[in-house]
**Student:** 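Take a look at the following structure, please.
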There are 2 protein chains.
Amino acid sequence: MSKCEQCIIREFNSLKTLTKDELIRITGCKTSKTVKKGEVLFDEGEYINGVFCIKDGVCKVSKMSDNGRDQIIHLIQKGDILGERSLINNEASNLKAIAVNDMEVCFIPKDEIIRDLENNPNFSLDLLRKMANSLKKADDVIVDMAQKTVKQRLATTLLFLEAKFEKNDNGSIKVNLSREDIANIIGTATESAIRLLSEFKKKKMIDLKGKEVFILDVKALKDLSEGF
Amino acid sequence: MSKCEQCIIREFNSLKTLTKDELIRITGCKTSKTVKKGEVLFDEGEYINGVFCIKDGVCKVSKMSDNGRDQIIHLIQKGDILGERSLINNEASNLKAIAVNDMEVCFIPKDEIIRDLENNPNFSLDLLRKMANSLKKADDVIVDMAQKTVKQRLATTLLFLEAKFEKNDNGSIKVNLSREDIANIIGTATESAIRLLSEFKKKKMIDLKGKEVFILDVKALKDLSEGF
DNA sequence: TTTAAAACATGATAATTGTCAGCTTTTCTG
DNA sequence: CAGAAAAGCTGACAATTATCATGTTTTAAA
């Protein structure tokens, strides 16, 4: 069992505020596992009973709309934690998480996190800050969804992917999304997403090789995203 | 100066977790003011330097999109607090707040709130819960904006207004929104909102008398909102 | 390797939504 | 109260986007 107090991943999330003793305690109760591409980490309505700390890989976090279509709300990757909200308000998850590629995750049981929340003000304040920040980002997403065209949202999303994920050796964005996934991020029909991707490619803003996406012209995408 | 420790409004928000001593301290440093309909409580980019506790009235909280249109993200009313997020992440506000009708608000300076956040774990945990809850609601809004048609979003919004606000004596919803405001909540053109409101009225789902809105058929609106 | 399934792609068409223009009604201000 | 400004309303039309149909390519499984 790898040791939390030696794990560099925690530096990227709120667990960095935990003391050495707290981390040692968590090492003793956490579990590690691998999640294969396509597997479900948790589903809507499920009680998660803890938080996931993502050591490697990417997962998509989505919610089913009344119309029966999945909307991807977050992409979670190495260094992120997952499930803290359901833990805090003590409810079943309102979201579903599916691995986009093979993942390595640690799972920390609920009670341990609650204990730290109550005893370590640095931890709860850091979480509070993270949440305030998430809310701010959610505001931006709401405004984009409500006001931007599908084309603008695709440009916005491509820039987001470019900024959030590493590059492969050939320069493509290191995240393995299907066309349907992309459509479910921007909230449109798969066909529309495909058409617009082709259009962007034709206009030399991006290049496509199978699932690989190369961002060629950040400025053009940015202008488009902002409505020019 | 009214006394916080005797003010019933705080029972509706996180300030209820403060101790009597903390409330007395806040009474001594808070300011009260009235805000006239149409006045700006704070604007995007402004440092708020405290939180507002709403004693009476309603305000709309919005964000300007890249396309130059305002998107209303929250309606805040009696009992709500406002500005806590910018305070927590110590940033300028990303939102603008404008009074929809005459308001009475109290303003508590930043330092006092921070002091309580650091010293009263009940307060920070309650805020944490409130934020986790807000994030959940934001998820729902994102999914609705991304996946529902304008018609569905109008139905959703009317039901939301019905549930959130009191009724006037004649049964209309007690909130004074213009057609443009409604359009800016659902994220559509004012003309589209007007057209759909007329349609809903023709179909006896609602009634309209000037700015007053009467909900006549909750079930029909619910079905519509959920895509049936 | 073969075969089936899934993902990708494109055209045609319909439905939704936005924009512009012009008009009426309501609200505000001096 | 008069006049101006804002808000509300409606029609015509254009642009965007969804849907359906169909064919191709890629991926996964036997």
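The model shown is predicted, which means the values in this text are computed figures rather than measured ones.
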**Student:** Which ones in residues 192-216 of chain A lie close to DNA chain D, meaning a heavy atom under 4.0 Å from one of its atoms?
**Tutor:**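 Result for residues 192-216 of chain A: A/S192, A/R195, sorted by number.
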**Student:** Check whether NZ of the Lys or CZ of the Arg B/K209 lies under 6.0 Å from the centre of the six-membered ring of B/F214 and within 45 degrees of that ring's axis.
**Tutor:**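 Yes - B/K209 lies over the ring of B/F214, closer than 6.0 Å to its centre and within 45° of its axis.
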**Student:** Measure NZ/A/K151 against P/D/dT16 and give the value in whole Å, please.
**Tutor:**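 For the pair A/K151 NZ and D/dT16 P, the rounded distance is 6 Å.
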**Student:** Need to verify one output field. Residue with the more 5' nearest nucleotide on DNA chain D, B/D181 or A/G187?
**Tutor:**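 First, find each residue's nearest nucleotide; the 5'-ward one identifies B/D181.
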**Student:** Side chain of A/S178 only, heavy atoms from C-beta on: which candidate in C/dC28, C/dC8, D/dA18 is closest?
**Tutor:**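 Nearest listed nucleotide: C/dC8.
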**Student:** Can you measure B/K37 atom NZ to C/dT29 atom P for me and round it to whole angstrom units?
**Tutor:**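 Atom-to-atom, B/K37 to C/dT29, this comes out as 10 Å.
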**Student:** Under a 4.0 Å threshold between the charged nitrogen and the carboxylate oxygen, would B/E199 count as salt-bridged to B/K151?
**Tutor:**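 Salt bridge present between B/K151 and B/E199.
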**Student:** Separation of A/K148 atom NZ from C/dT17 atom C1', in whole Å?
**Tutor:**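 Rounding to the nearest Å, NZ of A/K148 and C1' of C/dT17 are 19 Å apart.
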**Student:** If we ignore angles and hydrogens, is there a donor and acceptor under 3.5 Å between the side chains of B/N13 and B/D80?
**Tutor:**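 No, no side-chain donor-acceptor contact under 3.5 Å.
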**Student:** Can you see whether B/S172 engages B/N170 through a side-chain donor-acceptor pair at a distance of less than 3.5 angstrom?
**Tutor:**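 Indeed, the side chains of B/S172 and B/N170 share at least one donor-acceptor pair under 3.5 Å.
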**Student:** When we call it a touch if two heavy atoms are under 4.0 Å apart, what does A/R153 touch: a base, just sugar-phosphate, or nothing?
**Tutor:**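 Result for A/R153 = nothing.
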**Student:** Establish, from distance only, whether the side-chain atoms of A/S65 and B/K148 form a donor-acceptor pair under 3.5 Å.
**Tutor:**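 No pair is found: no donor N or O on one side chain lies under 3.5 Å from an acceptor on the other.
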**Student:** When you compare the side chains of A/N67 and B/Q152, does any donor N or O come within less than 3.5 Å of an acceptor on the partner?
**Tutor:**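 A donor-acceptor contact under 3.5 Å links the two side chains.
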**Student:** On the nucleotide C/dG18, are OP1 or OP2 found under 4.0 Å from the side-chain N or O atoms that B/T188 carries?
**Tutor:**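 Answer is yes, contact under 4.0 Å.
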**Student:** Output the rounded distance in Å from CD (B/Q147) to C1' (C/dT16).
**Tutor:**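 Going from CD in B/Q147 over to C1' in C/dT16 covers 15 Å.
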**Student:** Among D/dA28, C/dG18, D/dT17, find the nucleotide with the atom closest to the side chain of B/A189.
**Tutor:**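 For B/A189, the side-chain atoms sit closest to C/dG18.
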**Student:** I need the CZ-P distance between A/R69 and D/dT17, as an integer number of Å.
**Tutor:**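 Rounded to whole Å, this separation is 13 Å.
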**Student:** Strictly below 4.0 Å: does B/R179 bring a side-chain N or O up to OP1 or OP2 of C/dT26?
**Tutor:**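 False: B/R179 side-chain N/O out of range (4.0 Å or more) of C/dT26 OP1/OP2.
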**Student:** Does the D/dC9 base have a donor-acceptor partner in the side chain of B/E191 within less than 3.5 Å?
**Tutor:**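 Such a pair does not exist between side chain and base.
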**Student:** Within this structure, what is the CD-to-P distance between B/Q152 and D/dA18, rounded to whole angstrom?
**Tutor:**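 Result: 13 Å.
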**Student:** So, A/N90 and A/K110: side-chain donor and acceptor under 3.5 Å apart, yes or no?
**Tutor:**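 The criterion, which ignores hydrogens and geometry beyond distance, is satisfied for A/K110 and A/N90.
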**Student:** A/N184 CG to D/dA18 P: how many Å, rounded?
**Tutor:**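 In whole Å, D/dA18 P and A/N184 CG are 12 Å from each other.
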